[in-house]
Protein chains: 2
Amino acid sequence: MKTLELIQKNLGSFSKSERKVAEAIIASPEVAIHSSIATLAKMAEVSEPTVNRFCRRLDTKGFPDFKLLLAQSLVIGTPYVNRNVNQDDGPEAYNAKIFESTIASLDSAKNMLDTATIKRAVDVLTRADKIAFFGLGASSAVAHDALNKFIRFNIPVSCFDDIVMQKMSCINSRKGDVIVLISHTGRTKALVEVAQLARENNAFVIALTPNHSPLAEKSDLVLSASAPEDTDIYMPMASRIVQMVIIDVLATGFTLRRGPKFIEHLKRIKTGIKDSRFDKVDLNED
Amino acid sequence: MKTLELIQKNLGSFSKSERKVAEAIIASPEVAIHSSIATLAKMAEVSEPTVNRFCRRLDTKGFPDFKLLLAQSLVIGTPYVNRNVNQDDGPEAYNAKIFESTIASLDSAKNMLDTATIKRAVDVLTRADKIAFFGLGASSAVAHDALNKFIRFNIPVSCFDDIVMQKMSCINSRKGDVIVLISHTGRTKALVEVAQLARENNAFVIALTPNHSPLAEKSDLVLSASAPEDTDIYMPMASRIVQMVIIDVLATGFTLRRGPKFIEHLKRIKTGIKDSRFDKVDLNED
DNA sequence: ATTGTCATGTCATTTTATTACAAATCAAAG
DNA sequence: CTTTGATTTGTAATAAAATGACATGACAAT
C-alpha cells in the first residue's frame, strides 16, 4: 500500500499533534522526504520526538526509515503499454517499444498464469521417469532452452525439433513419461498429432500453448502463455520469451521441490564449472 | 535514468575506491538504502568520506540524498520485490519472483543499451554480405533464435553452436561478412578465439556480451547485455532473455532500414504461411 | 478536586554525516 | 630512477540529525 494513502486513511487514529505531522507530510510529501526531522517538526509545528513517534506508529524503524518508504511510494510506476513500431521510428524509439512491449507481455503473463496449474505441472515433472520437450520452428529454441535447464537435474531428458523424431519418441513412450509441447499458435496439426500419439501411449502431456486451442484440447495440462501481440509484420517474439520464463518457473519449482540437499548439489556442480572457466568451454553456462 | 543503471554505466569513470563503493551498492542495493554511511563504508572497505564523495559525484547533495534517489530508482512499476527465490517459497511466490526479476532485468537493459551502438550494428548488418550467429551452451538457443529471425530477410545467414564449425566458418569469412557472437560471460576462451579468427579474416565482429570482458575487447562492436543476477544456484536466464530481445531489436531495425517495400514483402510471406496453417507444418512461426 | 493515563515537549545523548586537512598514491617530466 | 605536481584516500575534528529519558501538561474518570 502506498504510504501516503496509508497516512490519509489513518488520519483519524492519530493524536492531535501526530495529525499535524500527517497533514504537513500530505501537504508536501516531496519537501518532507528531503527535510530533516527538525525541519519537518517546525513545518508541522510540533516537537521533533513527535515526528519520530509518528514515524514509528506507521511501523517504521524511525524517521530515516520512514522517509525511505515515503520516497519509494511517491514513485509513479511507469505503465508499460504495448506499442507498435512505426516505419519512421529511430533506434531510440523502436528499442524502447520492443523492450516495453516485451515487459508488458511478461507482466500480463505473470498475472494470467494459474499457480495451481504450475504446482500440478511441477508435481508431474518431479515424478516423471523421463521428460521430453518438443517444439517446431521458432518454439524449438524454447525446447532447447528447456533441455538445457532440465539436463542438469540428472534425469532422463530429451528434446527434438524434428517432427519425425518427435513421433518416434512418442511411440516409444509409456506411463510415467512426460511430454512437454511448446506451440505459440496451438494450431499446428503435426504437433496436435504428436500430443494424440503421446496420450495413446499413456504419457502425460503438458502444453505451453494458448487455452482452448486444438493442442490444448489434446493435452492433460495446459500452461497458457498467450501474449496478445501485433503479429502483422513482426514476429511472435514476446510469446517465446514468455514461454522461456515459464520453463524457468517450472525448473525453479522442480529445484525447490527436490529440497535443500539438491540445491547443495547444484551449487557444487556450479562451483566445479567455475573453476574450469578459463581452461575449457563451458557448455552449460555461456 | 535509474540510479542503479547510472552507476553501472559509469563504473569506468570512477576511481578505485569509488568503484568499490559502486560495487557494494550494486551487489545489494536494498541493503545499501537501509545502511548508514559508516556501515556502507565498511561493506565497501573504504572510508566514510569516500562514500560521501561517491554520492556527490552522482550529482546528489550527499549521502542521505543519494539514498533517497536510489530507493526511488529501485521501484519498478510494481513495488520492488526481493529477487531471490527461497527454499520455502510456494508456487505463487516463485512464479512472481521469477517474472518480476526478468522484467527488472529487461527494464534495466532497456536503459543501459546505447542506441548509437544499436544504430551502428543495424548499419553493419544491413550492409552485410553474409551474417553468422554463434553461441555456445545456453547461448546457442539465442543464436538459433536469431537465425530464425534473420533467415526471413532472404540474405545468407548461418548459425553454429559447435566450436569446430564456428572456427571453420570464420576461416572462410572475408570482408563484408558479419559475425555475431553471443556470450553471457564474455570469458569463454573458445569464443574469444573465434572472434580473433574472424577479425583476422576481416569479418566484422558484433558481440552480445558484457562490456570490458575479454570477448568485448576482441570485438568491433559490443552490445552490452549485462544483467546482474543471482547466479549462485539458479541459471543465468534473465541475461538470455535480454539477449533475445536485443536480437529482436536488431531484426526490427533491419526491417525498418529496408523500407516500406520490404515490409510489404514480409507481409506477403506471412499471408502465404497463414493459408497453409492447417495443412502443413509452419516451420517459421510455431 | 484528585488521580491516573496519555500526549507532548525539553534537554541530553548517541548516532550519523560532513568538513578540513594530512598522508599516500600515481603519473609525467627531468 | 628520482622529483614534482596532481589526484586520491584516509584521519580526525566538527556539525548536524535522530533518538532516548524524563518532566510537564492536558484530559477523563472517579
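Side chains are part of it too, since the values below use all heavy atoms of this structure and drop only hydrogens, waters and symmetry mates. Labels below follow one simple rule: chain letters A, B, ... track the order of the sequence lines, proteins then strands, and each chain is numbered from 1.
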Whole-Å gap separating [atom2] ([N]) and [atom1] ([X]):
| X | N | atom1 | atom2 | result |
| --- | --- | --- | --- | --- |
| B:K20 | D:dT8 | NZ | P | 15 Å |
| B:K61 | C:dA17 | NZ | P | 14 Å |
| B:D65 | C:dT16 | CG | C1' | 16 Å |
| B:F63 | D:dA16 | CZ | C1' | 15 Å |
| B:L68 | D:dA17 | CG | P | 14 Å |
| B:E45 | D:dT9 | CD | C1' | 15 Å |
| A:F66 | D:dT19 | CZ | P | 12 Å |
| A:K42 | D:dA18 | NZ | C1' | 15 Å |

Practice problem: Say whether B:S139 and B:H184, considering side chains only, have a donor N or O and an acceptor N or O under 3.5 Å apart. | Solution: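 B:H184 and B:S139 do not have a side-chain donor-acceptor pair below 3.5 Å.
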
Quiz item: Does the side chain of B:T39 come under 3.5 Å of the side chain of B:S36 through a donor N or O and an acceptor N or O?
Solution: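 Yes, because at least one side-chain N or O of B:T39 sits under 3.5 Å from a partner of the opposite role on B:S36.
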
Quiz item: With nearest nucleotides of DNA chain C determined for B:T39 and B:K16 from heavy-atom distances, which residue corresponds to the more 5′ nucleotide?
Solution: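 Looking at the nearest nucleotide for each, B:T39 comes out on the 5' side.
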
Quiz item: B:Q196 and side chain to side chain donor-acceptor pair (under 3.5 Å): which partner among B:E193, B:R199, B:E200?
Solution: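 Of B:E193, B:R199, B:E200, side chain to side chain donor-acceptor pair (under 3.5 Å) with B:Q196 is met by B:E200 alone.
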
Practice problem: Decide side chain to side chain contact (heavy atoms under 4.5 Å, CB included) for B:T115 and B:K119; before the verdict, give the C-alpha distance in whole Å, the side-chain angles of both, and the deciding distance to 0.1 Å. | Solution: CA-CA 6 Å; B:T115 45; B:K119 192 178 169 304; over 6 Å; no

Exercise. Could you identify which residues of residues 46-56 of chain A place a heavy atom less than 4.0 Å from some atom of DNA chain C, listed by residue number, or say none?
Key: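 Of all residues in residues 46-56 of chain A, the ones placing a heavy atom under 4.0 Å from DNA chain C are A:V46, A:S47, A:P49, A:T50, A:R53.
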
Quiz item: Taking only residues two or more places apart in sequence or in another chain, which ones pass ring-ring contact (aromatic ring centres under 6.0 Å, His included) with B:F14?
Solution: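 B:F14 satisfies ring-ring contact (aromatic ring centres under 6.0 Å, His included) with B:F54 once adjacent residues are dropped.
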
Quiz prompt | With B:L215, the side chain to side chain contact (heavy atoms under 4.5 Å, CB included) member among B:L181, B:V194, B:T188 | solution =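 Output: one option passes, namely B:L181.
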
Exercise. Before accepting this row, confirm whether a basic side-chain N of the pair B:D123/B:R257 lies closer than 4.0 Å to the acidic partner's carboxylate O.
Key: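 Salt bridge present between B:D123 and B:R257.
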
Practice problem: Assess whether salt bridge (Lys or Arg N to Asp or Glu O under 4.0 Å) is satisfied between B:R57 and B:E18, documenting all intermediate values. | Solution: CA-CA 9 Å; B:R57 195 167 297 275; B:E18 280 172 347; 2.8 Å; yes

Self-check item: Working for side chain to side chain contact (heavy atoms under 4.5 Å, CB included), residues B:Q243 and B:I247
Solution: CA-CA 6 Å; B:Q243 289 165 353; B:I247 293 286; 5.6 Å; no

Quiz prompt | Degree of bending, the helix from C:dA1-D:dT30 to C:dG30-D:dC1 (end axes from five pairs; round to 10°) | solution =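 It comes to 10° between the two terminal axes.
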
